[in-house]
J.: 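Supplied in structure tokens, the structure appears directly below.
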Amino acid sequence: MSDLDPYLNAVDVAVASHAPSQDRGARIFIGVAGQNGCPTLHWNAPHFEERQIEALLATTRYRIHYFHPLKYWQIFDRQTSTGLQIMTGPDQHPAWDLGSPLRNFIQWELASYGGALIHAGTLAMGEKGVLLAGAGGSGKSGTVLSGMLSGLQTVGDDYVYVKPKSLQAFALFNTLKQDDAGVRRLGLLGHKALPTQTNWQDKYQFYINDLGLAPQPKSIALHALLLPKIGQNAKTTTAEISAKQAFLALAPSGVSQIPGDRALLYAAAAEVSRNLPCFQLSLGPDPREVSDTIRQFIEDI
């Protein structure tokens with residue numbers, strides 16, 4: 001057994017497993033610096049200036065990300081679809097890495113196929129669905145989870161791959177996250193899917209496949225963009241908002257968390273916001289009522 005096996009197994013669980021088409025696919029090599037032929041790279045400057053490096057590489061075939069505190073490298077060649085992730089030890093990855101592992105590589109590879117990674121959740125009935133976007137604390141993850149438990153479907157709670165022109169969203173990750181209050185509100189405390197400890201955000205991090213639900217779709221057609229927020233009323237309500245309001249909620253977090261493709265990510269978020277009807281979703285206190293409201297909304301949209 002390799003020292004990297006626990007990490008690789010965790011990556012395998014988190015990444016949605018769909019058979020790739022035969023004419024495409026990326027190869028990502030993951031190694032520990034100085035072991036088994038994996039190189040050791042050095043960055044001698046005090047800081048890694050992400051935006052400067054991004055600008056230098058923008059017109060080239062290469063993308064690079066470096067997390068200075070852990071000496072953690074991700075390097076990708078878009079022409080050959082080959083990537084290298086270098087860590088200083090099997091567990092020396094950023095705290096957030098296993099929530100959406102390899103997401104930088106996935107974005108760098110899929111950028112040439114007419115879409116981008118969007119930091120948002122999804123809910124659907126069959127193949128007809130909605131995108132849910134919002135900052136931490138908006139209720140997005142709890143809304144996705146309560147919807148799933150009520151029979152709605154999802155292609156992701158945190159990051160999805162979206163093609164703005166066709167308005168399709170594709171599953172990338174199986175990960176779900178929820179804080180203790182949300183777990184209690186949804187009646188999941190003690191569920192076998194939950195780990196014994198919370199993650200770096202003090203949230204339980206678990207996986208769709210462990211909930212014992214019906215298989216989730218690989219993709220959905222997007223019909224609206226919803227911005228959830230914790231409401232003050234007894235019932236969940238929707239109110240139409242501008243594309244600009246939706247864009248300002250959708251773009252910043254994804255762009256800041258995925259280096260190397262800022263212009264493309266901004267453009268994708270802008271196109272999605274323009275092409276979808278956008279609504280504020282003011283959440284009521286009852287998860288079941290929230291899910292029923294979203295189900296009716298999807299039916300009517």
Side-chain angles (χ1 to χ4, degrees), residues 4-18 28 30 65 67 72 74 85 87 91 93-107 109-110 115-124 129-149 152-162 169-183 185-186 188-189 191-220 228 250 253-254 256-258 287:
L4 273 173
D5 281 354
Y7 176 80
L8 298 176
N9 290 338
V11 170
D12 189 55
V13 170
V15 176
S17 298
H18 302 313
I28 310 300
I30 300 173
H65 169 60
F67 185 60
Y72 168 93
Q74 292 182 318
Q85 178 170 301
M87 305 185 290
D91 59 353
H93 52 80
W96 56 84
D97 180 56
L98 289 179
S100 50
L102 309 181
R103 72 181 181 217
N104 291 337
F105 292 116
I106 293 171
Q107 165 58 34
E109 168 65 10
L110 293 179
L117 267 68
I118 297 286
H119 187 212
T122 54
L123 283 172
V130 295
L131 202 62
L132 297 102
S138 65
K140 172 179 66 68
S141 292
T143 300
V144 171
L145 182 54
S146 67
M148 294 175 63
L149 296 174
L152 296 174
Q153 297 170 300
T154 189
V155 292
D157 162 50
D158 201 21
Y159 281 95
V160 292
Y161 177 61
V162 174
F170 298 82
L172 294 175
F173 303 108
N174 295 316
T175 315
L176 298 169
K177 301 172 189 174
Q178 192 59 214
D179 60 20
D180 185 72
V183 164
R185 186 169 56 252
L186 295 170
L188 287 176
L189 194 65
H191 193 287
K192 63 181 182 180
L194 298 183
T196 56
Q197 295 182 328
T198 55
N199 68 3
W200 64 284
Q201 295 174 303
D202 202 25
K203 292 182 178 181
Y204 292 100
Q205 184 169 301
F206 51 106
Y207 303 99
I208 293 173
N209 298 338
D210 293 334
L211 289 175
L213 304 175
Q216 302 299 304
K218 296 179 180 180
S219 66
I220 60 173
L250 182 63
S253 59
S256 65
Q257 294 178 22
I258 302 177

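All of these numbers come straight from a predicted model, not from anything done at the bench.
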J.: Does V160 form a side chain to side chain contact (heavy atoms under 4.5 Å, CB included) with L117? I'd like the steps, not just the answer.
T.: CA-CA 6 Å; V160 292; L117 267 68; over 6 Å; no
J.: Can you sort out the partners of T143 under side chain to side chain donor-acceptor pair (under 3.5 Å), two or more places apart, ordered by chain and number?
T.: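 Per chain and number, T143 pairs via side chain to side chain donor-acceptor pair (under 3.5 Å) with no residue.
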J.: Please identify each residue that fulfils side chain to side chain contact (heavy atoms under 4.5 Å, CB included) with W200, with sequence neighbours left out.
T.: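 Only A95, W96 meet the side chain to side chain contact (heavy atoms under 4.5 Å, CB included) criterion with W200.
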J.: Is T122 reaching over with its side chain to a backbone N or O of L131, donor-acceptor style, under 3.5 angstrom?
T.: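 Not at all, since once roles are kept as given, no pair shorter than 3.5 Å links the two residues.
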J.: Side chain to side chain contact (heavy atoms under 4.5 Å, CB included), that's the test. Do V15 and L172 meet it? Break it down for me.
T.: CA-CA 6 Å; V15 176; L172 294 175; over 6 Å; no
J.: To check you understand the geometry: which heavy-atom pair defines the closest contact between V11 and P101, and what is its length?
T.: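 Here V11 and P101 meet closest at CG2-CB, 3.9 Å.
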J.: Between OH of Y161 and CG of L110, what distance do you get to the nearest 0.5 Å?
T.: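 Rounded to the nearest 0.5 Å, the OH-CG separation comes out at 5.0 Å.
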J.: Only counting residues at least two apart or in another chain, list the ones meeting side chain to side chain donor-acceptor pair (under 3.5 Å) with Y72.
T.: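 By the side chain to side chain donor-acceptor pair (under 3.5 Å) rule, Y72 matches Q74, Q85, D97.
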J.: According to side chain to side chain contact (heavy atoms under 4.5 Å, CB included), who are the partners of A10, at least two apart in sequence or on a separate chain?
T.: L98
J.: Who passes side chain to side chain donor-acceptor pair (under 3.5 Å) against S256, sequence neighbours left out?
T.: none
J.: What residues form a side chain to side chain contact (heavy atoms under 4.5 Å, CB included) with S146, not counting sequence neighbours?
T.: L186, P287, S291
J.: Applying ring-ring contact (aromatic ring centres under 6.0 Å, His included), can you list everything that pairs with H93, at least two apart in sequence or on another chain?
T.: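 Only Y7 meet the ring-ring contact (aromatic ring centres under 6.0 Å, His included) criterion with H93.
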J.: Taking only residues two or more places apart in sequence or in another chain, which ones pass side chain to side chain contact (heavy atoms under 4.5 Å, CB included) with A133?
T.: A120, L225, L227, L250
J.: Output yes when a side-chain donor or acceptor of K140 lies under 3.5 Å from a complementary backbone atom of D157, and no otherwise.
T.: yes
J.: Is there a donor-acceptor pair under 3.5 Å between the side chain of D12 and the backbone N or O of L8?
T.: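 Flag not set: sc D12 to bb L8 has no pair under 3.5 Å.
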J.: Any heavy-atom pair between the side chains of I220 and V130 that's under 4.5 Å?
T.: no
J.: In a table with atom names and distances, give each donor-acceptor pair under 3.5 Å that connects a side chain of residues 176-183 to protein atoms at least two apart or in another chain.
T.:
unit_1 : atom_1 : unit_2 : atom_2 : d
D179   : OD1    : A181   : N      : 3.4
D179   : OD1    : G182   : N      : 2.7
D180   : OD2    : R184   : NE     : 2.7

J.: Apply side chain to side chain contact (heavy atoms under 4.5 Å, CB included) to the pair E109 and I28, showing each step before the final yes or no.
T.: CA-CA 11 Å; E109 168 65 10; I28 310 300; over 6 Å; no
J.: For a 4.5 angstrom cut-off between non-hydrogen side-chain atoms, does I106 reach F173?
T.: yes
J.: What residues, two or more places apart in sequence or in another chain, satisfy ring-ring contact (aromatic ring centres under 6.0 Å, His included) together with Y159?
T.: H119
J.: Determine whether L152 and V144 make a side-chain contact, defined as any pair of heavy atoms from C-beta on separated by less than 4.5 Å.
T.: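 A side-chain contact is absent here, since even the closest heavy-atom pair is not under 4.5 Å.
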J.: How many angstroms lie between atom CZ of F206 and atom CG of N174, to the nearest 0.5 angstrom?
T.: 12.0 Å
J.: Check whether any side-chain heavy atom of T154 sits under 4.5 Å from a side-chain heavy atom of I208, and report yes or no.
T.: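 T154 reaches I208 side chain to side chain.
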J.: Taking S219 for its side chain and A169 for its backbone only, find out whether a donor-acceptor pair lies under 3.5 Å.
T.: no
J.: Taking only residues at least two apart or on different chains, which pairs with a member in residues 203-212 satisfy side chain to side chain donor-acceptor pair (under 3.5 Å)?
T.: N199-Q205
J.: Are the side chains of L213 and M148 in contact, using a 4.5 Å heavy-atom criterion?
T.: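 Contact flag for M148/L213 side chains = yes.
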J.: Using the rule given for side-chain hydrogen bond (donor to acceptor under 3.5 Å, both in side chains), can you reason through D158 versus S100, listing the C-alpha separation, both sets of side-chain angles and the distance that settles it, and then say yes or no?
T.: CA-CA 8 Å; D158 201 21; S100 50; 4.7 Å; no
J.: What pairs with S138 under side chain to side chain donor-acceptor pair (under 3.5 Å), at least two apart in sequence or on another chain?
T.: none
